[in-house]
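Report on one structure; see the data block that follows.
Everything quoted here is computed from the prediction, not taken from an experiment.
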Amino acid sequence: MNMKAPRGTQDLLPGTTEKWQYVEAKFKDLCNRFNYSEIRTPIFEHTELFQRGVGDTTDIVQKEMYTFTDRGDRSLTLRPEGTASVVRAFVENKLFGLPSQPTKLFYFGPMFRYERPQQGRMRQFVQFGIEALGSADPAIDAEVISLAMSGYQELGLRSLKLVINSLGDSESRTNHRNALISHFEPHKEELCGDCQLRLEKNPLRILDCKKDSNHPAMETAPSILEYLNDESKLYFEAVKIHLDQMGIAYVVDKNLVRGLDYYNHTAFEIMSEAEGFGAITTLSGGGRYNGLVEDLGGPETPGIGFALSVERLLMALEAEGIELPLNNKLDCYFVALGEKASSEAVRLTYELRKAGIQVDKDYQDKKFKAQFKSADRLNAKYVLVLGDDEIENKIVNVKDMNSGEQEEVAFEQLVSYLQEVLRGGK
RNA sequence: GCGAUCGUGGCGAAGUGGUUAACGCACCGGAUUGUGGUUCCGGCACGCGUGGGUUCAAGUCCCACCGGUCGCCCCA
C-alpha cells in the first residue's frame, strides 16, 4: 500500500503552518483595508466552466485539469484557478444587483493542476486572489496592482519586479493577431514545432517562446502596443499614470502575455529577482477580463483581478532571508511532582485555560527534571511548579524562566497573578 | 509530456559485493532525593524507496515501478 501523499502534494506541518497563518492574516488585513470581502466557492466545478472561462485552447484546460466523472455522470473538475469560479458565483448569486458596486472579492484556497512537480510548482497549491467586478476605471487596475505590491512589501520582500503590458480590447487584439500571423507566416518553417502550432491557435504566444527568442523575426514582430486603438491606448496610459502617482515602480514588457484566454487590456506579473530563486520567478499574475462575465452568462460587466501563490511567496521570503515575526513562546508550563500534585495540576490547568491563559503540562509521566526540559523546549515564559509542599499550602511556585526568579502564589490568586505578569512582561 | 540526477534511522551523513550498517544532531535514561538551556556516561536502524533478478554472498551490480530535486514546456 502506498502511504505517501500523492505526487505534487505536501503536508504542511507545525513550524510551517504558523507561517501560512501569518501570511494569510496579512492578506486578510490588507483586503480589509482595501475593502475586499472574502468569497468561498467550491473546490470543484462543472468542467464546462473552465473550458468556457479559462479557454479551450489553453494548456491548463488541454492537459492540466483534474477532471473526473461523479456517480451522477457529471463531468467535474478540481479548480485549476480561481477567477472562473468567482465569476460564476458572481453571476449565479446576482451579486451585480447589490447596491455597492464594484463588487470587490478575495479568496484563499487550493488549486489543482496536473503538472510535473518541481520547486514552486505543485499539483495542489494555494492561491490568494482578488477580483473587482463592475468597474472599468483604470484606477481600479492600479488598486489591484497596489494591493498585490503592498502585500509583498509589508511582508518584507524587496527584490520585486512589476511588469505590465496592455493586451488591448478585442478590436486591437484581432488586428494585432492578424498582423502577427502575416509577420510570422513567411518564417513558419524556421520556427520550433510549438510555435508552428501557435501560429494558428494563438500567435500571441510565439512572442513568449524561449527557443525562438533569438530568431530575427522576433525583433521585428509587430507589438501589441502598436496595434492598440485609441481607447485602449488611453486606458493603458491612465493605468500607468495612477501607478506613477502612487509611486509604484514598473517596467512595460510588450511581450508579456498571459496564459489564460480571458485577459484583455491590463496584464501584469510580479516577479522575484532574489538570488537563487530558480527557474520560476513569477510570484503572481493578473489582469483585466472584460467580457468574461458575459461569456459566463452574466450581464456586461468589466472585471480585473490577480492571484498569487502562497508557496512561491514563502519561497521568496526564504530566498531573501526574511524571518516572519512569529510568536513561538508558550505562556505557562505546569511541572508537577507526585500523584496528588499531578492530579491537582490537571484541574488547575483547566482553570487557567478557561481564564484565557495559554498552558500546557506533561502527559508522558516524565521525571521532574525532564518536565523542566520540556518547558524549556516549548519556550515557556513561566513554569508552574507543584509538589507536596505546595499542595499542603495551596500555593504554586511560579518561576519566571527568563529571570530565573520564583514566587509563591496562592491557588486563588493564580489566575490574576498570571494575567498580571503576562500582560506586563513578554 | 521530455531530459538529467538522486532515494540509507526523526534529521544530516559514511558505506564503491563479504563478520554484529560508522559518525553527528535530535530523542530517552543516568551522574545520591524537587528546578531548564552546559558537561560526562549509557540507550536508540531485525534495516538501506518498492518489487523482481544476477551472485556462494547486495545498501553496494541489473531491470521495472514509485518518489524527491533540477531544467524544458507552461504557469501561480
Heavy atoms only, 4.0 Å cut-off, all strands: where does [X] land among base, sugar-phosphate and nothing?
| X | answer |
| --- | --- |
| A:G8 | sugar-phosphate |
| A:G338 | nothing |
| A:R7 | sugar-phosphate |
| A:L313 | nothing |

* Asked: Where the side chain of A:R312 meets the backbone of A:T282, is there a donor-acceptor pair that is under 3.5 Å apart?
  -> yes

[N] - base-pair partner by Watson-Crick or wobble geometry, distances under 3.5 Å:
| N | answer |
| --- | --- |
| B:C70 | B:G3 |
| B:A22 | none |
| B:G36 | none |
| B:A76 | none |

* To do: Take the angle between the ring planes of A:Y66 and A:F112 and call it parallel below 30°, perpendicular above 60°, tilted in between.
  => perpendicular

* **Protein-nucleotide distance (A:D11, atom CG; B:G10, atom C1'), rounded to Å** => 15 Å

* To do: On RNA chain B, check which nucleotide each of A:V126 and A:P6 is closest to and give me the residue with the more 5' one.
  => A:P6

Are a donor atom and an acceptor atom from the side chains of [X] and [Y] found within less than 3.5 Å of each other?
| X | Y | result |
| --- | --- | --- |
| A:Y235 | A:R288 | yes |
| A:E131 | A:T83 | yes |
| A:S85 | A:E45 | yes |

Report all interatomic pairs (protein N or O, nucleotide N or O of nucleotides 1-4 of chain B) with separations under 3.5 Å.
unit_1, atom_1, unit_2, atom_2, d
B:C2, N4, A:R116, NH1, 2.7
B:G3, O6, A:R116, NH2, 3.4

* For residues A:Y289 and A:Y262, establish whether the separation of their ring centroids is below 6.0 Å. => yes

* Hey, mind stepping through A:Y250 and A:V163 against side-chain contact (heavy atoms from CB on, under 4.5 Å) and telling me if it holds? -> CA-CA 6 Å; A:Y250 58 86; A:V163 181; over 6 Å; no

* Asked: Can you give one letter per nucleotide of nucleotides 24-37 of chain B, going 5' to 3': B for a protein heavy atom under 4.0 Å from the base, S for sugar-phosphate only, - for none?
  -> ---SS-S---BBBS

* Asked: Does A:Q119 put a side-chain nitrogen or oxygen below 4.0 Å from OP1 or OP2 of B:C70?
  -> yes

* To do: Sequence neighbours left out, what passes ring pair (Phe, Tyr, Trp, His ring centres under 6.0 Å) with A:F368? Give chain and number order.
  => A:F372

